[in-house]
Amino acid sequence: MLRPGEKIAVFDGGFGSELERLGLGGIPEELNITAPEAIKSIHRSYSCADVITANTFGLNPIKYKGKYSLRELALAAVENARAAEKPVFFDVGPTGAMMEPIGSLSFEDAYEAYKQVALSSKDIADGYILETFSDLYEIKAAILAFKENTDLPVFATMTFDASGRTLTGTSPEIAALTLSGLGADVLGVNCSLGPRELIPTVKRLLDSTDRPVIVQPNRGIPVLENGRTVYKLSTEEFDESVGQMVEMGVSIIGGCCGTTPEFIKKISRFSGQPVRPHEYIPHTAVCSSDAYLCIDGVKICGERLNPTGKKALKEALVAENLDYLVDEAIKQQDAGADLLDVNAGLPQIDEKALMPKIVKKIQEYCDLPLQIDSSDSAAVEAAVRVYNGIPLINSVNGEPEVMEKIFPIAKKYGAVVLGLAMDRSGVPRTPAGRVKIAKRIISEAEKYGIPKEKIMIDTLVVTASAEQELVGVTLEALAEVSKMGIKTALGVSNVSFGLPNRPLINRTFLSMAMERGLNMPILNPLDGEMTGAVRAYELLRGIDEGAGRFIEIYKDFTPSATAASVKTKGDGAQAKNLYECVKSGLKGRAKDLTEEELKTRPPLEVVNEVLIKALDEVGALYEQGKLFLPQLISSAEAAKEAFSVITAHMPKDSASKGRVVLATVTGDVHDIGKNIVKVVIGSYGWEVIDLGKDVPPERVVEAVKKYSPLAVGLSALMTTTVAGMEKTISALREAGCEAKIFVGGAVLNQETADRIGADYYTKDALSMAKKLDEVFNK
Amino acid sequence: MNSSEFETLRPRIYNYLGFHKMGRSPETDALVADCVAELEKTARFRYIYTVEETVPGFLKKPPYSEFLEGASGVMISAMTLGIEVDKKINRLFHTDVSRGAAMDASASAYLEYLSDKKERELGAKGPRFCPGYGGSSVGDLKFIFEILHTEKIGITLNESDFMLPSKSMAGIIALGKEGRLSCRGCFMAGSCEFLKEGKTCFDQVKK
C-alpha cells in the first residue's frame, strides 16, 4: 500500500536503456504485444522497486499511430508489468506535438487524447505517473483528463534543465503551484539531469508545495563517446545524492535515463522509511506558465480590460476584436501591472463562449497572471479551465449561493479567490461587519478544502462624495483583515467618483490603503501618478531594497516632465507634418499630426494628398532597393495610426476601401509574412480580418460568409502547406465565394498560384496592396 | 558578442531582410544590433547531435548520398533558440511590426551563426545540408527527429513538417571531406533573387 508523504516509496528505473541492452528495436509500446516475455523480464528485474511503471510512455492517440488499439496495448502493457508482482502505474508521456499558441495542438484536443488514455486504462492500472512534461499547459490537460475520468492517484512530474526551467520556461515554483492546485496527488521532477544537479530544483519544489514530492533523476549527465550517449555515474554516487534528497523531504524516488535495476536496488534501502518533514510556508500566489506572482508587498492589478465605462473596449468585445484586448494587456504590462483583470460582462455577449477565447489570446502575447472577473460561474469555469497556470477569480461575496458556485471551481483548478466583504444585505457600515463577512468567506472556503492563503479579501471602496464617513470603515476593515494574514484588494479609484481632481484623491487614498496593508490595488496602470504612488510606497517601506527599481523608473524624471509612465515609440521630433511623419515611419507622432492636418483640409484629401502620396513614395524607394523592409513597415504603421484618426472623421462606409480576409493556411504555423501584409494593406486603407495561422479551410469559408470581403489573402511558407492552400481555395470555390483569392509566401510563384486555382499571386506585401487597388479600382 | 562576431552575423541578417542588393544603413545597423543584443538575453540555445560512421538509411538516396560521397562519417544535429524567441517575435508583431520583422531575420541568422559555431566546436568543418535543400524532402526531417530524440531539446515537428520552435534547424554534415552545397533542385530556384544575380544564398553568408 502506497502512502505518499508518510513512507518513502521507490519507483523503477530506465526502460529504454534496458530495451537497447536486449536489442529490442521498433515502437516500444508495440513490444508489449510482440515481445511480451522480454518486457516482463525487464519488469521483473525491477521487482526491488515498490511500484512498476508500465511500458506505455508514448501511448496516446496523438503520438502512437500504429496498428494496435490503445486498449490492446494498455492491456498487454499492464499485464506485462504485473509480472513483477508490484503495484503498476500507467506511464503517461507528452503527446510530442507542440501546444498552442506556438504549436497547433489545442488544449481541448490534448485533453481528449489523454481522456482516451484514461478510459483505456482506468480499470487495469493502480495509478498514473505523468512524466517528462515540459509544457505546463499540456500537463494541465493531462491531469484534468485523468482526474475527471478516473479515481486513481495521479503523480505528475516535469523535466527541468540546468537553468532550473522547463523547455517552455516553467520554473519549479510555477510547476509546484499549478500541479498542486490541479490536485496532483504527488508532484515532482523526472529525467532532466543527474541527482546531484537536480538538488537545487528539488529544493525549490519542496519549498513551494505541501504535496509529497517524487524525484526520478537520470544517471548523471551523459557524455558522447564515439557518437554514442554514455552515462557514467556509479550506483554509489547516485545513491548518495538520492539520499540527500530523501533527507530534504522527498517522498518517492526512482530513476530515469541510464539507470538500471542495480541503481534501483541500491536506493531501495530507503523504501518504507518515514518521509522527512519539509518546511513549506503557505503563501498567496498566482502564475502564468512562465511568470510567478506572490501577492506580498503591493502588486498592481490592471483594470483596463473591464468594459464598464469604456466604449472602445465594449465595441471590441462585441466585435470579438481580441487584438484590441491584447494591445491593452501589453500596454498595462509595460506600464508596470503585475496581473490583469479580465471582464467581458456585457448583456449582448455570450461570456461563457468568449472568456476562454480572451484568456487564450491574451496569454499568447502577455505573460502576466490574470484575474478572471465574471458574475457568471459558467464563464468563470470556462475561462479558468483553459487558463495556463493558476489564476485569481473575481469574485465571491458572503452569499452562500455565490460561494456554492465558485468554490468548487476554485478548488478543482487551484485558483485564488477574491472575496468581497458584502452579502445580500449590502456592504456593512462598520469594520466589524465587513470583517465578519470576510471570516465567513474564509471558513466556508475551508469546507471545500480551500486553504486561507487561496482567499483574498476586498473590503470595498465606497464613494467619498456620497458616504464620506465610510472611507475610514473600508480602511479599518482592510487593516483587520490584513492582520489575520489574509491578502487584501481594493478597487481604489471608486473612492473619487463625483469629485473634482480625482487623481489627487485616488493617489492619496491609495497611499492610505497601502499603509493599512493593501496588497493588490486594482487600478489603471497607465496612470503614472497611481503606479508612481505604489513605487514610492515600496521605496519608503523598504520593499524596493536599495531603491533600485524606483531609480531605474525615475532616473530621467524632471519636475516639468509629465508623469505618464507609458512611452510611445519614436519621438517624431523631426517630422514637421504628416507627410514627413509617414515617410519617416514615426508612428509616435502620427495621431497628433493627423489631427493637425484635419484642421486644414477634409479627411479624403488627407488620405489622397498626404497618406497615399507618402506611402507611394516609400513604396517606390522600397521597390528600387533604396529602403529597407523595417522602414517600409514603420511607414505603414504610421499611416495606419493616421487612418484610425481619419476614420473617426468620415462617414462609416467611406472610411475603408473594403474588407480583406487574411489567413495562413492549415498546417502552416509561420505567419510573419501574413502579419507584414496585414500592416501594409491596412496602411492603404483596407480593413483586414485576420484569421491567424494554421487556419482550417472551413474557418476561412465561414469568415468569408460572415464578413463578405472583396478579397481573401492566403499565405503558405512551405511546399508541404501549399496543399492546404489548394484545399482552402477549393473549399472557397465550392462555397460559392465571390471574393478574389490572393496567394503569397516563400514557396509560391505565378505558376503554382495558377495551378492551385488562385486569382492572383503577389510576391510581397506592397505588391498585394497595389494589386488590390488595381483590381478593385480604388 | 564582440564587434567582429557581429560583423560575421550582420550580412546574414541583411540577407534575411532581403537587403543583399543594397548598401548599409545606419538605422538598420542599429536596429539589428539591438535585436541581436536582445536575442543574446532571450535565446536558450540548445543542441543535440550524433556522429554516425554508418550512414543511416534515409541518407542513402540522392541528394544526400551525393553530399556525403567520400565522407568518413556524418554528423546529424538539431539546434534551437528555444520557445522564448518565438514568443518575443510574436509579441513584437503586436507592438512594433518593423522591429518584429528585424527580430525575425536576426533570430534566423543568429541561429545559423550559433549552429555553425557549435558544429565547429564539435569538430565538424563542412557545410550543413538540411532536409528541404537541393530537392530533398522536408519530410526527411522526421528521420533526424527519430534518431536524435529532438524532444529532449524541445523541438517538435508538426504534421506539415514544420519545426517548432520556429527558430530551429536540423541537418547533416559530411565528416572527413570538403562538402559543397548546390542550388540544384532547390525549391526556391525559380524565384531566387541570388540566382538571378548569379550568386547563391550560401556564398553570401560566408564570412
Side-chain angles (χ1 to χ4, degrees), chain A residues 94 96-98 101-104 132 134 161 163 165 167-169 191 224 226-229 290 323 326-327 330 334 364-367 569 585 587 625-626 628-634 636-637 666-672 675-676 678-679 694 717-721 724 746-749 751 763, chain B residues 14 17-23 25 27-28 31-32 44 46 49-53 73 75-76 80 82-84 86-87 89-91 93-102 104-105 122 132 137-139 145 149 151-162 164-166 187-188 190-191:
Chain A
M98 184 75 84
I102 298 295
S104 46
T132 325
S134 63
D161 67 15
S163 73
R165 288 194 170 247
L167 291 167
T168 54
C191 204
L224 203 74
N226 303 321
R228 296 270 157 242
T229 304
D290 46 9
D323 284 345
V326 171
D327 288 343
I330 291 174
D334 290 348
E364 186 173 350
Y365 296 97
C366 174
D367 62 5
K569 180 199 149 204
K587 182 177 158 188
K626 291 179 182 163
F628 303 144
L629 181 66
Q631 290 161 301
L632 173 77
I633 296 170
S634 292
E637 285 192 291
T666 181
D668 203 318
V669 290
H670 201 277
D671 65 347
I672 280 166
N675 289 339
I676 294 172
K678 179 180 170 183
V679 176
D694 194 14
L717 185 78
M718 286 174 56
T719 43
T720 46
T721 51
V747 293
L748 269 291
N749 53 32
E751 189 188 336
K763 71 180 169 64
Chain B
Y14 271 50
L17 283 168
F19 296 172
H20 55 277
K21 290 186 285 191
M22 307 175 195
S25 113
E27 295 82 16
T28 310
L31 177 63
V32 297
R44 290 166 80 198
R46 293 190 193 83
Y49 74 105
T50 181
V51 172
E52 303 284 342
E53 283 173 19
M75 176 185 283
I76 305 173
T80 180
I83 202 166
E84 291 81 358
D86 276 17
K87 286 185 184 174
I89 293 169
N90 283 350
R91 184 172 159 132
F93 269 95
H94 236 276
T95 55
D96 187 346
V97 182
S98 63
R99 192 178 174 83
D104 180 56
L122 298 172
S137 164
V138 285
F145 275 53
H149 293 284
E151 68 276 5
K152 288 187 176 172
I153 57 167
I155 316 181
T156 61
L157 205 57
N158 83 352
E159 67 278 13
S160 309
D161 298 317
F162 264 100
L164 291 166
S166 63
F187 71 92
M188 289 290 286
S191 57

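Please read these numbers as outputs of a predicted model, since none were measured by experiment. Each chain gets a letter, A, B and so on, in the order the sequences are listed, and its residues count up from 1. What's counted below: heavy atoms across the whole structure, side chains too, no hydrogens, waters or symmetry copies.
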Sort B/E151 into side chain, backbone, both or neither according to what part of it lies under 4.5 angstrom from a heavy atom of chain A.
backbone
With a 4.5 angstrom heavy-atom cut-off, is it the side chain or the backbone of A/T132 that approaches chain B, or both, or neither?
neither
Under 4.5 Å from a heavy atom of chain A, the part of B/V138 involved:
side chain
Checking heavy atoms, do the side chain of B/N158, its backbone, both or neither come under 4.5 Å from chain A?
side chain
What part of B/R44 is in contact with chain A, defined as an atom under 4.5 angstrom from a non-hydrogen atom: side chain, backbone, both or neither?
side chain
Looking at OG1 of B/T80 and CG of A/L167, how far apart are the two atoms once the value is rounded to the nearest 0.5 Å?
9.0 Å
So that I can tick it off, tell me whether B/K87 and A/D367 are bridged by a salt bridge, with the cut-off set at under 4.0 angstrom between side-chain N and carboxylate O.
no
Enter the distance from B/H94:NE2 to A/E364:CD here, rounded to the nearest 0.5 Å.
7.5 Å
The reported gap from CG in B/D86 to OG1 in A/T168 (rounded to nearest 0.5 angstrom) is 12.5 Å
Which distance, rounded to the nearest 0.5 Å, do you find between the CD1 of A/I102 and the CD1 of B/I83?
5.0 Å
Check whether B/R99 gets within reach of chain A through its side chain, its backbone, both or neither, counting any heavy atom under 4.5 Å.
neither
Residue part contacting chain B, namely of A/D323, when any heavy atom lies under 4.5 Å
both
Chain A shares the most heavy-atom pairs under 4.5 Å, among B/I155, B/L157, B/I153, with B/I153
Contact part of B/I76 toward chain A, heavy-atom cut-off under 4.5 Å: side chain, backbone, both or neither?
neither
Below 4.5 Å from any heavy atom of chain B, which atoms of A/D161 appear? Answer side chain, backbone, both or neither.
side chain
